[in-house]
Chemist: 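Below you'll find the structure I mean.
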Amino acid sequence: MNTMTEVVYKKVLVAEDSSVIQNLLKKILLFENCKITSAKNGKSVLDKFESEDYDLVIMDINLPLLDGLSATKQIRSGKTKKANIPIIGISGNAKNLPVSEFFEAGMNEYMQKPLDYDKLIELVKKYTDKHQ
Amino acid sequence: MTEHTLMKDIKGSILVIDDNEINRKYVKTVLRNLYRTVHLAEDGFKGLEIAHSQAIDLALIDIQMPKMDGFECHDKIRKALGFKIPILAITAFSDSKSRDKFIRYGFNDYIAKPIKPDVLKNTVQYWLDELNEKASLDEEEIHADFDFKIIEELKRYAQPDELLELYNEFVEETKTLNQKLLFLQSADDHTEILSILHVIKGNAGSLGFAKLSEVVVQLESDVKNEIDISLAERINEIADYSSNIFSDYTGQLNLNL
């Protein structure tokens with residue numbers, strides 16, 4: 001088998017409760033050879049994160065059951081190598097939180113909605129390329 | 001075009017006002033290789049002198065200072081630099097109440113002590129990027145129904161049929177959500193109303209429905225701050241505006257296959 005021509009998909013876990021934005025990100029990131037796994041609440045993000053290996057997490061802040069900041073802190077508190085996965089935070093910042101809190105929680109980047117898609121793609125490239 | 005937003009902005013000029021010499025040196029050590037200049041001041045008076053004589057892109061102000069505290073210092077520096085320049089508080093208070101207090105007072109953000117280098121770097125960079133974006137937005141002055149820049153960006157990443165499908169999904173979902181809003185309004189359920197407004201805002205903004213997003217943002221903030229508003233009327237307005245704009249969005253946005 002010729003592995004050179006095989007497309008290597010990057011595995012991205014997207015935590016976002018809006019299905020419109022989930023689908024939007026799916027379409028856009030497919031362009032970058034990303035395979036998206038969707039999670040619609042903070043608990044399911046953690047479940048999916050535990051049961052599989054990913055290259056990147058895109059995390060909305062405003063999630064049901066467990067918010068994106070708590071989910072990020074839980075991921076970072078892990079003892080295995082997985083705990084260092086790159087996390088890009090996204091949010092409409094409904095609660096008007098200081099941006100420093102997202103970084104304190106352990107996110108590598110933060111983007112305010114509406115998303116700048118060019119910048120998002122750049123960030124996805126930046127973190128997934130480094131990962132390989 | 002996208003590269004420069006990601007590259008560290010080496011032209012930034014930062015003002016740090018902190019009475020503690022170790023803190024000042026610490027902040028300078030973390031930031032000095034990333035930005036053109038890091039000015040240090042040991043009190044508000046020195047800081048103000050620098051703010052008047054130098055071009056400053058961002059200011060960091062310690063809250064607990066003896067001669068002039070961080071709040072008074074904020075007011076003076078804000079006056080000198082104007083409302084566009086980000087001013088961040090540095091503080092040992094970290095409970096959510098005092099945190100909200102800083103933001104409500106007029107600081108753009110705060111950085112908690114003990115300062116972590118990554119948090120400092122990332123937060124400063126975020127606000128400098130924000131400043132650059134605002135500058136370019138001002139030139140464009142978007143008050144139109146659509147933000148065509150977002151839509152053009154999307155067209156580069158998604159196939160026309162996929163994009164049309166996405167927009168259709170958004171339109172159908174928003175129609176349903178508008179119906180829910182009308183119902184919730186009669187039940188006076190503000191929590192659920194806020195959560196729906198939040199979803200519409202995010203979706204509309206992400207798909208380039210600039211004005212819809214803007215109107216929803218305004219209502220969201222008024223409901224949250226419990227400003228006396230005629231909720232029924234405003235929700236009806238949003239529903240009317242949406243159905244109006246949804247009647248020919250495929251033509252307006254050039255989405256037709």
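Chain letters run A, B, ... following the sequence lines, proteins first and then strands; every chain starts at 1.
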Chemist: Can you see which heavy atom on A:Ser19 is nearest to which on B:Glu173, and at what distance?
Modeler: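 Between these two residues, the closest heavy atoms are OG-OE1, 3.3 Å.
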
Chemist: So which residues of residues 22-39 of chain A are in contact with chain B at a heavy-atom cut-off of under 4.5 Å?
Modeler: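 Within residues 22-39 of chain A, near chain B: A:Asn23, A:Leu24, A:Lys27, A:Ile28, A:Phe31.
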
Chemist: Just wondering, do A:Asp116 and B:Glu153 contact through their side chains at under 4.5 Å, heavy atoms?
Modeler: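 Side chain of B:Glu153 against side chain of A:Asp116, heavy atoms only: contact under 4.5 Å found.
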
Chemist: Which atom pair, heavy atoms only, marks the closest approach of B:Ser206 to A:Ile21?
Modeler: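 Taking B:Ser206 first and A:Ile21 second, the nearest heavy atoms are OG-CD1, 3.5 Å.
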
Chemist: Heavy-atom distance under 4.5 Å to chain A: side chain of B:Gln159, backbone, both or neither?
Modeler: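 Neither the backbone nor the side chain of B:Gln159 comes within 4.5 Å of chain A.
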
Chemist: Residues in salt bridge (Lys or Arg N to Asp or Glu O under 4.0 Å) with B:Lys175, at least two apart?
Modeler: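 B:Lys175 satisfies salt bridge (Lys or Arg N to Asp or Glu O under 4.0 Å) with B:Glu172 once adjacent residues are dropped.
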
Chemist: If the condition is salt bridge (Lys or Arg N to Asp or Glu O under 4.0 Å), which residues does B:Lys155 pass it with, not counting sequence neighbours?
Modeler: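 Partners of B:Lys155 under the salt bridge (Lys or Arg N to Asp or Glu O under 4.0 Å) test: B:Glu152.
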
Chemist: Mind checking the CD-CD1 spacing from A:Glu104 to B:Ile111? Nearest 0.5 Å is all I need.
Modeler: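 Between A:Glu104 CD and B:Ile111 CD1, I get 9.0 Å after rounding to 0.5 Å.
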
Chemist: Would you check if the side chain of A:Ser100 reaches a backbone N or O of B:Tyr110 as a donor-acceptor pair within less than 3.5 Å?
Modeler: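 Yes, the answer is positive, given that a donor and an acceptor are paired below the 3.5 Å cut-off.
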
Chemist: Where is the tightest heavy-atom contact between A:Asn62 and B:His198, given as atom of each residue plus distance?
Modeler: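 Here A:Asn62 and B:His198 meet closest at ND2-CD2, 2.9 Å.
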
Chemist: Could you grab the distance from atom CZ of A:Phe103 to atom OH of B:Tyr126, nearest 0.5 Å is fine?
Modeler: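 Answer for the CZ-OH pair, A:Phe103 versus B:Tyr126, is 8.0 Å.
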
Chemist: Taking the side chain as every heavy atom from C-beta outward, state whether A:Val99 and B:Trp127 have any pair of such atoms under 4.5 Å apart.
Modeler: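 Result yes, sub-4.5 Å side-chain heavy-atom pair found.
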
Chemist: Hey, which residues of residues 68-83 of chain A are touching chain B, say heavy atoms under 4.5 Å apart?
Modeler: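 Listed by number, there are no contacting residues, so the answer is none.
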
Chemist: On a heavy-atom basis, which atom in A:Lys113 and which in B:Gly202 lie closest, and how many Å separate them?
Modeler: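 Answer, listing the atom of A:Lys113 first, then B:Gly202: CD-CA, 4.5 Å.
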
Chemist: Can you tell which part of B:Leu207 gets under 4.5 Å to a heavy atom of chain A, answering side chain, backbone, both or neither?
Modeler: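 Contact with chain A is through both the backbone and side chain of B:Leu207.
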
Chemist: Taking the six-membered ring for Trp, are the ring centroids of B:Tyr157 and A:Tyr117 within less than 6.0 Å of each other?
Modeler: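 Centroid distance B:Tyr157-A:Tyr117: not below 6.0 Å, so no.
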
Chemist: Select one option (side chain, backbone, both, neither) describing which atoms of A:Asn108 are under 4.5 Å from chain B's heavy atoms.
Modeler: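 For A:Asn108, the backbone is the part near chain B, not the side chain.
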
